[in-house]
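Within every chain, numbering begins at 1; the chains are lettered A, B, ... in the order of the sequence lines, protein sequences first and strands thereafter.
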Amino acid sequence: MTANQRTVNVCQGTGCISAGAEQILSLLKAEVAGLNLSDSVLVRGTGCHGLCQAAPLVAIEPDGILYAKVSPDDITDIARSLLPDGKPVERLFYYDTVIDRPLAIFRDIPFYYKQQRFVLRNLGNIDPDSIDDFVNAGGYGAARKAVTGMTPEEIVEEVKSSGLRGLGGAGFPAGRKWETCRVEMAEQKYVICNADEGDPGAFQDCAVMEGDPHSILEGMIIAGYAVGSDTGYIFVRAEYPRAVARLRTAISQARERGYLGKDVMGTGFDFDIHIFQGAGAFVCGESTALVRSIEGGRGIPKAFPRPRTTEIGLWDKPTLLNNVKTFASIPVVINNGGASFASRGTETCKGTAIFSLAGNVVNTGLVEVPMGTRLREIIYDIGGGILGGRAFKAVQTGGPSGGCMPAELLNLPVDFDSLTEAGSMMGSGGMIVMDQDTCMVDVARYFLDFTRRESCGQCVPCRVGTKQMYDILDGICRKEGRPGDIELLVELGESIAETSLCALGKSAPNPVLTTIRYFRDEYEAHIIEGHCPAGVCSSYQ
Amino acid sequence: MAEQLPEEFVSDILSSHVNSPGQLLPILLDVQHKVGYLPEEGVQTIAEFLGIDVGEIYSVASFYSQFRLTPIGKYHIQVCRGTACHIRGAPRILGELENQTGISEGETSSDMKYTLETVACMGCCALAPAIKVNSNVHGELTTRKADEVMHSLPEEETDDS
Ligand SMILES: Cc1cc2nc3c(=O)[nH]c(=O)nc-3n(C[C@H](O)[C@H](O)[C@H](O)COP(=O)(O)O)c2cc1C
Ligand code: SF4
Ligand code: FES
């Protein structure tokens, strides 16, 4: 290695790979070797850089140059630019449509500089398959600090004072959950990472697993030590084979280095992690259903009244369940201290929110902003506004449990509480932007189609009610809507929300209730005026 | 695809698992992964191995969308029906692929060339709409690009998804 060492970070996230990034990586490696640059230039694959829309992405450090939409034809020029007298390849700069000019340095791109990356700190900056990269970036430092220098009580206190709330959807205070699990008296306890990412249209957990798997392991090790558990599971959604592969590699490397297994870092503390692959059922993201699934059964939520999972969880043992991003936040809390973590965010929601920004927005990708950032900033400043210069219609958060918010709410500061108040939900971090050509009745039907398929069928309001709501919505989309349908949908929705057993049923009406609340005129246009304003429902053409 | 008989595969797979509680789903996923579906004889073997009822296995398998009880085609086409893909035209892409393959969602063509399915999301939402053919994801599809993907499928590729 020489002083003028450069690193070429080639994104190997699911998005970039679909755009040919694996080939880009191998071609670049070969080309750089062919120019005899291997001593001064390191070419490596990394996790998601965030700006997926411009895939495949290649970043050159320490210059900070970002190349967008790289194709195999560009490889020679990129490699030559790395020669001592090389010049950057200007035609590959990202073109910012808001500023209306190409930008060479990624830190100058609003998409990047308007974000604050803590949970996503390593994504795009390290090779996820290299534990050395992770350790060189400070990785496992927090685990060492916690396991060798802190008591479990101190760790839980730190997590409590950080104000961190679970990032899997419900926003339950992490420190309180850890405390209830820690004080349980039991020989055996379990730690589970919820990586089911059930929201269809969200990929932030996927990106963290693919891009920075060791951070999740590190958070889980700290959790295991804090609550007194020696075994962890990561429950990964079936559709994420690459995430599973990278986690497997990370786990075996961590075992080799003594971060996992018997006698972690020579402290006498034992902790190991296993991967459990889901088999495709949205309801398995729910805590008790997830536990049943690992136990080998049908993933059906437990009926109420029921003990908390922190008391009676996996194999009836006390179990700590947190989301991928919650665990990935823990090293930051331990390294910087709870107070520092709590300095970001709003009164009731600390830290950052992570969104996968998708739909009809210019800069689709991964976004991390302090809690309390306004929707407008996320969609327009970071997201670059609506694709093709069309008009904004709605933004959807929280997936099938969430709702659609109209332009009037663009100034809403985003956190768990404000989104719930607006009738939506933070959820796990899906954010879908919809333009003028989206039919809100069709969107509501789409979500109810999803929930009726995914209802586990255990309770009548959810099983029968979601089907009824779907049929009414389908009727409206097929020009068979009747006066009174809207009122019936509201009535059904409210009763399903009240009487369903788990949050799948309780929140299933949200997409319908919010579209009626904010876009009632579109329903009326279908039913009364006989047309679909967005021109989506084909029966009206 | 399988040169071995499905039941031989299943015995191989079982040899790498221990009979302990909670092994059912990992075993089923393993079988599905390597054989492409859950063959009837295989399910019988698994039931004997775990000492549980065949009916119990089917009850669990039917609960989860991953499991298939019939063989899959040479090209396993999965169309994302996630939210990002839906609003960016997934229904059109599915329609185009149904035209191209002559089968509907959930079916396998009689010549065993294609299986066409929809999935909830594959994490490629930023480049919606997306499809997956065997293990390759293709994003930012238009009906034209979907055509191109279909026409570029090599004759002898095997499913390694
Ligand atoms: C139907 C349903 C699906 C869920 N899916 C997920 C999921 O995919 N990922 C997740 O982390 N939490 C999901 N949850 C929330 C979990 O039950 C649980 O609250 C969460 O994993 C706890 O982690 P946290 O406190 O770190 O957020 C789901 C809940 C319900 C009711
Ligand atoms: S609300 Fe729906 S998903 Fe939840 S337990 Fe009842 S039927 Fe099952
Ligand atoms: S919504 Fe289609 S890949 Fe996520």
Side-chain angles (χ1 to χ4, degrees), chain A residues 13-15 17-19 51-53 55 197-203 205-207 210 237-243 276-282 284 293-300 315 356-360 364-366 396 399-400 430 432 434-435 438 442-443 446-447 449-450 453-454 456, chain B residues 20-30 32-33 50 52 56-68 78 80-92 95 117-133 135-141 149 160-161:
Chain A
T14 288
I17 285 184
S18 80
L51 192 51
C52 310
Q53 170 267 330
E197 189 141 80
D199 174 355
F203 57 95
D205 293 2
C206 177
E210 286 183 355
R237 171 187 184 75
E239 289 83 354
Y240 291 166
R242 185 168 297 111
F276 191 95
Q277 279 186 267
F282 174 60
C284 285
S293 194
I294 298 184
E295 290 171 353
R298 295 160 66 98
I300 297 173
W315 313 117
S356 45
L357 190 58
N360 308 126
T364 52
L366 260 193
Q396 210 279 345
I432 312 265
M434 302 175 183
D435 69 10
T438 315
D442 174 69
V443 167
Y446 161 81
F447 280 115
D449 183 34
F450 181 86
R453 290 183 198 221
E454 296 294 338
C456 82
Chain B
S20 69
Q23 282 303 298
L24 177 57
L25 280 174
I27 290 174
L28 292 181
L29 279 171
D30 231 8
Q32 162 102 4
H33 218 77
L50 292 175
I52 56 177
E56 194 180 330
I57 296 186
Y58 282 115
S59 149
V60 169
S62 64
F63 182 81
Y64 297 97
S65 66
Q66 283 288 304
F67 298 117
R68 242 175 270 109
Q78 294 175 299
C80 178
R81 60 175 160 83
T83 318
C85 290
H86 179 80
I87 67 158
R88 275 173 59 163
R92 277 200 308 279
E117 287 176 346
T118 59
V119 288
C121 174
M122 37 214 189
C124 193
C125 327
L127 299 177
I131 66 169
K132 191 169 178 181
V133 182
S135 54
N136 294 325
V137 177
H138 305 266
E140 293 192 296
L141 285 188
V149 170
D160 53 350
S161 66

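- Only the side chain of S62(B) comes within contact range of chain A, judged by heavy atoms closer than 4.5 Å.
- Listed options E56(B), R81(B), E140(B) were ranked by heavy-atom pairs under 4.5 angstrom with chain A; first place goes to R81(B).
- Using a 4.5 Å cut-off between heavy atoms, Q277(A) contacts chain B through both its backbone and its side chain.
- A pairwise comparison of heavy atoms in C125(B) and G201(A) identifies SG-C, 3.5 Å as the closest pair.
- Of the atoms belonging to T438(A), it is side-chain heavy atoms, and not backbone ones, that fall under 4.5 Å from chain B.
- The residue among I294(A), D199(A), N360(A) with the most heavy atom pairs within less than 4.5 Å of chain B is N360(A).
- Taking 4.5 Å as the limit, every side-chain heavy atom of T83(B) sits out of range of all side-chain heavy atoms of F450(A).
- Chosen from S356(A), S293(A), A358(A), A238(A), the residue pairing most often with chain B at heavy-atom distances under 4.5 Å is S293(A).
- Listed options A84(B), P91(B), A130(B) were ranked by heavy-atom pairs under 4.5 angstrom with chain A; first place goes to A84(B).
- Screening Q66(B), Q78(B), K132(B) against E239(A) for a side-chain contact (heavy atoms from CB on, under 4.5 Å) leaves a single residue, Q66(B).
- Residue F276(A) touches chain B through its side chain alone, counting heavy-atom pairs closer than 4.5 Å.
- Using a 4.5 Å heavy-atom threshold, the side chains of S65(B) and R453(A) count as separate.
- When each of Q396(A), E454(A), R237(A) is checked for heavy-atom pairs under 4.5 Å with chain B, R237(A) comes out on top.
- Summarising the geometry of A120(B) relative to P200(A), their closest heavy-atom pair is O-CB, 3.1 Å, with the distance given to 0.1 Å.
- In this structure, SG in C124(B) is found 10.0 Å from CD1 in I17(A), a value given to the nearest 0.5 Å.
- Minimum interatomic distance between A126(B) and G365(A) (heavy atoms only, all atoms of both residues): CB-N, 4.1 Å.
- For A202(A), the part sitting under 4.5 Å from any heavy atom of chain B is the backbone (N, CA, C, O) and nothing else.
- Chain B forms more heavy-atom pairs under 4.5 Å with one residue of G296(A), G299(A), G13(A), P400(A) than with any other, namely G299(A).
- Note on T14(A), D449(A), L357(A): by heavy-atom pairs under 4.5 Å with chain B, the leading option is T14(A).
- The minimum heavy-atom distance linking Y240(A) with M122(B) is given by the pair CE2-C, 3.9 Å.
- With hydrogens and angles disregarded, no donor-acceptor distance shorter than 3.5 Å links the side chain of Y446(A) to the backbone of I87(B).
- Taking every heavy atom of both residues into account, C52(A) and L127(B) meet most closely at O-CD2, 3.4 Å.
- Nearest heavy atoms, G359(A) versus R88(B): O-NH1, 2.7 Å.
- Contacts between I432(A) and chain B at a heavy-atom distance below 4.5 Å involve the side chain alone, from C-beta outward.
- Among G430(A), C206(A), G297(A), the residue making the largest number of heavy-atom pairs under 4.5 Å with chain B is G297(A).
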